[in-house]
Amino acid sequence: MYWSKLFIPTLREDPAEAEVASHRLLLRAGYIRQLAAGLYNYLFLAQRSILKITQIVREEMDAIGAQEFYLPGLNPAEVWQESGRWDVMGDNLFRLKDRNGRDLCLGMTHEEVMTSIARGELRSYKQLPQIWYQIQTKFRDEPRPKSGLLRTRQFIMKDSYTFDLTPAGLDAAYEKHHKAYCRIFDRCGLDYVVVEAHSGAMGGSQSHEFMVVSDAGEDFVVKGPNYAANLEKAVSVAKPPAAADPEGDHEPEEFHTPGKKTIADVAGFTGLPETSQMKSLVMVADGKVVLVMVRGDHQLSETKFGSVTGATDIRAAHPEEIREHFGADAGSLGPVGVKIRILADEALRGRRNMIAGANKNDHHLRNVTPGKHFQCEFHDLRQAVEGDTSIVDGSPLTVHKTVEIGHIFKLGYKYSESMGLKVLDESGKEVTPIMGSYGIGIERILCAAVELFNDKDGIVMPPSIAPFTLVVTPINFSDTAQNKAATEIYEAAKSLGLDAILDDRDERPGVKFKDADLIGIPYRITIGKKLAQGFVEVVDRRTKTSTDVAVAEAASFVKARLAENTK
RNA sequence: CGGGCUGUGGCGCAGCCUGGCUAGCGCGCUUGCUUGGGGUGCAAGAGGUCCCGGGUUCAAAUCCCGGCAGCCCGACCA
C-alpha cells in the first residue's frame with residue numbers, strides 16, 4: 001500500500017485526555033479515535049492489528065479442535081433470567097426493550113446463549129465433548145470507562161465454552177485452553193504471567209488469569225518464583241510479629257487511650273508495634289453484622305470475606321450499626337464480650353496477650369488472647385502484602401499491577417443445571433454436562449503490547465500484530481533512482497509475503513521517520529544516499545540498529561530477520 | 001455512587017480572576033516557491049454556534065444559575 005493514499009492521522013502532540021501509554025500512543029499514532037466515553041472508533045491501523053490478533057486466536061483455537069460460531073450480541077431477557085444473571089449483573093448489563101415492550105440486553109458474555117444452543121441440540125454423550133467459540137463484540141455499561149481501550153463499554157472478546165460429560169473431561173478442556181492461550185500470547189509477543197484467580201460472579205471451581213505486568217493495569221498479582229495469584233485470592237505466610245507476645249496467662253486489662261483511634265495511634269501510644277494489635281472490622285454480609293479480626297498491620301480481603309461467609313452483598317457497617325452492636329465507635333472496638341459472629345484471620349491463631357479495643361470510647365484492652373477471651377472461627381481473611389513469603393517454598397513475594405488479557409474458568413454445572421442442559425449417558429440415564437468458559441480481550445492484547453513495548457519515539461509493536469511489518473522509505477520519492485529502487489523493494493517484499501507499506505509521501509525524511517517510529521512498524525528500509533553504491537539501509541525499530549544491504553537483497557533480508565525474531 | 005478537574009478552529013493551549021477594539025498563539029490544513037537523512041524555511045490563505053440553556057448588564061468566552069459532555073482519583077468490575 002502507498003502511504004499517501006491511506007488515512008493514518010498521526011498527531012504531533014500528545015492528546016491532553018490520554019494518561020496511560022497505550023491510550024496516548026494509539027491516539028497519537030492514528031490507530032483510534034474516541035466516539036464517546038468508553039467507545040472508540042478503530043481506524044485503519046487498529047483494525048489491521050486487531051485482524052492479525054484475531055487471526056492468531058483463530059488458528060490456535062482451531063488447533064485445539066474448537067469450532068467458531070457467531071452469536072447475536074442482542075439477547076432476549078429470558079435466557080439471562082433463567083441463569084439468574086439478569087438480576088445479578090445489575091447496572092452493568094445494557095438493557096433495552098423492543099417495540100413490543102419485550103426486554104432485551106446486549107451480551108456481556110455468552111454462557112446463556114451457548115447453553116441454550118446446547119440444550120436444544122445435544123442429546124447424547126456421544127456428542128461430547130464440544131468446544132465452541134466466537135469472536136464477538138461485548139457490551140458492558142461500565143461505571144467508569146477509562147484508560148483508552150483498556151476499559152471500554154464495547155469491546156471484542158474471544159469467548160469459548162466447553163461441554164463435557166465428566167469433570168475429567170472438563171480438566172482436559174481447561175488444560176487445552178491453558179496451552180492454547182499460552183501459544184496465543186506468545187505469538188502476540190507478550191510477556192505475561194498465569195495466575196490463580198477468583199472465579200467471582202461466574203461461579204465455578206478453578207480459574208486462571210493471564211496477566212501482563214503494567215502500571216496501567218487495575219488488578220494486582222502476587223508473585224514468587226513458584227507461585228502467582230491474583231491479590232484477591234493470594235494466600236501467603238505473613239511476616240512474623242515485630243515483637244514477641246508477652247508470656248503468661250493474663251486477663252484483659254482496660255487502659256485509657258484518649259483520642260487514639262487508629263492502629264498507628266495506639267502503636268505510638270503504647271510503644272508496641274502494630275503487629276501486637278488486633279484490628280476489629282465490622283462488616284455487614286447479606287444484612288448480618290459480623291466482626292472480623294485481623295492483625296494490626298493487615299488488611300481484610302473482602303473477596304475472602306465473601307467466600308467465607310458465602311454472602312454476595314458485602315459492605316462495611318455504618319457508624320450507627322456499630323454503635324448499636326458495640327456501644328462504642330470505630331477506633332475503640334474489640335472482640336471481648338461481643339455476642340455476634342466473630343471471624344479471625346489465621347495470622348492471629350496462636351497469638352496471645354494482644355491489644356484490642358475495649359468497646360468503650362477512648363479505651364483499649366491489653367492481654368487479649370483469641371480463643372480464650374473471645375470465641376472465633378479462624379479463616380484466611382487477610383490480603384497478602386509485599387514482604388509476605390510463599391506458602392510453596394518460603395521465598396519472598398512481590399505485588400504487581402497488571403492488565404488481565406485472558407481468563408479461563410471451570411464453570412461446573414451452574415449454567416447447564418439452571419438452564420436444563422441434559423444428555424443421555426451410556427446407560428441411558430440423563431446427566432448434566434459440565435462446562436467451562438474461557439475469554440480473551442482482543443483490544444487488551446493490543447493495549448498490553450503497547451504498554452509493554454514503547455519508547456520515547458512511540459510504539460515498538462511486536463511484528464506479529466503490527467499493522468505493517470515493513471515500511472519502505474525513500475528519502476525523496478521524486479528522485480528517479482530512489483523511486484525505482486523503492487518500488488522494486490516494495491514489490492519484492494510483497495511477493496515474499498511481507499506486509500509492506502511504501503512511504504511515497506512528499507514529506508521531509510524526518511516526518512516519515514517519526515511517523516514510522518510512532519506507529520511502530522518493526523522494520524524500515526531507507527533508500528537514500530547510499531543508493532549510489534547500490535545499498536539501502538534496514539533499520540530495526542526496536543534496537544534502532546541499521547544494516548546496509550544491497551537493493552536486490554533488502555526484502556529477503558527483512559524476511560529472514562523477521563523469521564529469526566519470531567522463533 | 002462520592003471527590004477533584006476541564007470544555008475556546010482538526011490537535012495542544014492562552015484569554016476568564018479585574019466584562020469593552022476585528023477572540024489570540026503554536027502545530028496541523030490549502031496554494032506557491034524553497035528544502036531534501038530525524039516534524040525545513042519564506043509568503044499568501046481557509047477554518048470558530050468560545051459545550052448547551054437561561055439570567056445579570058448598554059455590553060458576556062469572561063459574572064450568576066441550571067444542564068450536558070469528557071478526563072482523573074476512589075467505590076464498583078469474568
Side-chain angles (χ1 to χ4, degrees), chain A residues 7 9-20 23-24 27-28 30 33-40 85 88-93 107-111 138 140-148 150-153 155 157-161 197-204 206-211 216-219 230 232-233 302-303 313-316 404-411 414-415 436-441 444 456-458 473-479 482 503 505-518 524 526-531 536-537 539 544 546:
Chain A
F7 180 61
T10 58
L11 299 171
R12 196 160 171 165
E13 289 170 83
D14 278 333
E17 310 280 65
E19 291 275 309
V20 301
H23 187 198
R24 180 171 52 83
L27 275 172
R28 249 195 88 187
R33 286 294 184 264
Q34 186 177 42
L35 177 64
L39 297 173
Y40 285 85
R85 291 208 300 175
V88 173
M89 286 308 171
D91 288 339
N92 278 353
L93 189 64
M108 333 172 52
T109 64
H110 282 74
E111 280 78 4
K138 307 293 183 191
R140 291 184 193 177
D141 195 355
E142 288 289 343
R144 186 158 96 83
K146 60 175 190 170
S147 308
L150 274 174
R151 180 165 289 272
T152 54
R153 295 194 291 177
F155 55 96
M157 184 189 253
K158 185 291 300 177
D159 48 323
S160 41
Y161 305 87
H198 178 70
S199 8
M202 298 300 302
Q206 200 181 6
S207 148
H208 283 89
E209 287 168 328
F210 292 74
M211 301 291 220
E218 305 176 88
D219 284 295
N230 192 301
E232 293 182 333
K233 163 120 187 169
E302 289 198 14
T303 310
D313 182 26
I314 292 164
R315 62 176 171 85
E404 178 187 351
I405 50 174
H407 201 157
I408 56 180
F409 285 94
K410 289 185 183 172
L411 286 179
K414 180 178 157 104
Y415 295 89
S437 102
Y438 318 83
I440 289 180
R444 284 199 175 172
K456 64 171 174 40
D457 294 314
T473 308
I475 295 298
N476 184 354
F477 197 58
S478 44
D479 176 279
Q482 285 189 25
D503 195 347
R505 293 177 297 170
D506 182 20
E507 286 287 354
R508 304 268 309 173
V511 174
K512 300 188 195 186
F513 297 158
K514 290 280 186 200
D515 275 345
D517 287 353
L518 181 59
R524 186 180 81 216
T526 309
I527 296 143
K529 285 192 207 97
K530 294 173 186 163
L531 186 62
V536 295
E537 292 150 64
V539 184
K544 294 286 175 69
S546 167

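Numbers restart at 1 for each chain; the letters A, B, ... are given by sequence-line order, proteins then strands. Just the heavy atoms: all of them, side chains too, but no hydrogens, waters or symmetry mates, feed the values below.
Toward the 5′ end of RNA chain B lies the nearest nucleotide of A:Leu531, the other residue of the pair A:Glu19 and A:Leu531 mapping further downstream. Nearest-nucleotide assignment on RNA chain B puts the 5′-proximal partner with A:Gly510, out of A:Glu302 and A:Gly510.
Between A:Arg524 and A:Asp503, none of the side-chain N atoms (NZ, or NE/NH1/NH2) sits under 4.0 Å from a carboxylate O, so this pair counts as no salt bridge. A salt bridge does not link A:Arg315 with A:Glu302: every distance from a Lys NZ or Arg NE/NH1/NH2 to an Asp or Glu carboxylate oxygen is 4.0 Å or more. A salt bridge is defined here as a Lys NZ or Arg NE, NH1 or NH2 lying under 4.0 Å from an Asp or Glu carboxylate O, and A:Glu142 with A:Arg151 meets this definition.
Of the possible donor and acceptor atoms, none in the side chain of A:Arg153 sits under 3.5 Å from a partner among the backbone N and O of A:Ala36. Using modelled atom types, no side-chain atom of A:Tyr40 and backbone atom of A:Leu35 make a donor-acceptor pair closer than 3.5 Å. A:Arg24 places no side-chain N or O within 3.5 Å of a backbone atom of A:Asp14 that could act as its donor or acceptor partner.
Distance, A:Glu142 CD to B:C71 P: 13 Å, rounded to whole Å. To the nearest angstrom, C1' of B:G36 lies 6 Å from CG of A:Asn476. Remark: P of B:C76 and NZ of A:Lys146 are 12 Å apart, rounded to the nearest angstrom. Rounded to whole Å, the distance from CG on A:Asp506 to P on B:U35 is 13 Å. Between the CD atom of A:Glu404 and the C1' atom of B:A78 there is a distance of 7 Å, given to the nearest Å. Protein atom CG of A:Asp517 is 13 Å distant from nucleotide atom C1' of B:G37, rounded to whole Å. The distance from atom CG of A:Asp503 to atom C1' of B:G37 is 13 Å, rounded to the nearest whole Å. If you take CD1 of A:Ile314 and P of B:A75, they are 15 Å apart, rounded to a whole angstrom.
Using a 4.0 Å heavy-atom criterion, one finds that A:Arg524 contacts the bases of the nucleic acid, with or without backbone contacts as well. A:Arg315 comes within contact range of no nucleotide atom at all, as no heavy-atom separation falls under 4.0 Å. As judged by a 4.0 angstrom heavy-atom cut-off over every strand, A:Asp515 is placed among the base-contacting residues. Backbone-only contact: A:Ser147 has heavy atoms under 4.0 Å from sugar-phosphate atoms and none from a base. When heavy atoms are screened at a 4.0 angstrom cut-off, A:Glu507 is found touching base atoms of the nucleic acid.
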Dump the intermediate steps for salt bridge (Lys or Arg N to Asp or Glu O under 4.0 Å) on A:Glu111 and A:Lys414, then the final yes or no. CA-CA 10 Å; A:Glu111 280 78 4; A:Lys414 180 178 157 104; over 6 Å; no
side-chain hydrogen bond (donor to acceptor under 3.5 Å, both in side chains) evaluation trace for A:Arg140 with A:Thr109: CA-CA 9 Å; A:Arg140 291 184 193 177; A:Thr109 64; 5.7 Å; no
List the steps, then state whether side-chain hydrogen bond (donor to acceptor under 3.5 Å, both in side chains) holds for A:Asn476 with A:Gln482. CA-CA 7 Å; A:Asn476 184 354; A:Gln482 285 189 25; over 6 Å; no
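Nucleotides B:G15 and B:G24 are separated by 8 Å at their C1' atoms, to the nearest Å. Using atom P as the reference point in both B:C76 and B:C1, the two lie 16 Å apart (nearest Å). Only the C1' atoms considered, B:U62 is 11 Å distant from B:U8, to the nearest whole Å. B:C52 and B:A60 have their P atoms separated by 15 Å, with the value rounded to a whole Å. Nucleotides B:G41 and B:U49, compared at atom P, are 31 Å apart to the nearest Å. Spacing between B:A43 and B:G55 at atom C1', rounded to whole Å, works out to 48 Å. A gap of 13 Å separates the C1' atoms of B:C13 and B:U6, to the nearest Å. Comparing the same atom, P, in B:C63 and in B:G7 gives a spacing of 11 Å after rounding to whole Å.
For A:Ala37, taking side-chain heavy atoms from C-beta onward, the closest of the listed nucleotides B:G38, B:C71, B:C72 is B:C71. The side chain of A:Val511 sits closest to B:U40 out of B:G37, B:C72, B:U40. For A:Phe513, the side-chain atoms get nearest to B:G37 when compared with the rest of B:G70, B:G37, B:C71. Comparing B:G37, B:G74, B:A78 by their nearest atom to the side chain of A:Glu111 picks out B:A78. Of the candidate nucleotides B:C72, B:A78, B:G38, B:A78 has the atom nearest to the side chain of A:Arg85. Which of B:G36, B:C72, B:A78 sits closest to the side chain of A:Arg508 comes down to B:G36. Taking only side-chain atoms of A:Arg151, from C-beta outward, the nucleotide of B:C77, B:A78, B:G37 with the closest atom is B:C77. The side chain of A:Arg140 approaches B:A78 more closely than any other nucleotide in the set B:A78, B:G38, B:G36. With B:A75, B:G36, B:G38 as the choices, the nucleotide that has an atom nearest any side-chain atom of A:Ile475 turns out to be B:G36.
Side-chain to base pairing of A:Arg144 with B:C72: no donor and acceptor N or O lie closer than 3.5 Å to each other. Side-chain to base pairing of A:Glu537 with B:G37: one donor and one acceptor N or O lie within less than 3.5 Å of each other.
Within the model, atoms OG1 of A:Thr526 and CZ of A:Phe513 stand 4.5 Å from one another, a figure rounded to the nearest 0.5 Å. Atom OG1 of A:Thr10 sits about 12.0 Å away from atom NZ of A:Lys514, to the nearest 0.5 Å.
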Once base and sugar-phosphate atoms are separated, protein heavy atoms under 4.0 Å mark nucleotides 7-15 of chain B, 5' to 3', with B, S and - as ----BSS--
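Between A:Gln34 and B:C71 there is a side-chain polar atom (N or O) within less than 4.0 angstrom of OP1 or OP2.
Ring to ring, A:Tyr438 and A:His208 are not that close: their centroids are 6.0 angstrom or more apart.
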Under the 3.5 Å Watson-Crick or G-U criterion, the dot-bracket string of RNA chain B, with | for inter-strand pairs: (((((((..((((......[...)))).(((((.......))))).....(((((..]....))))))))))))....
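Judged by the 6.0 Å distance and 45° axis criteria, A:Arg505 is not positioned over the aromatic ring of A:Phe477.
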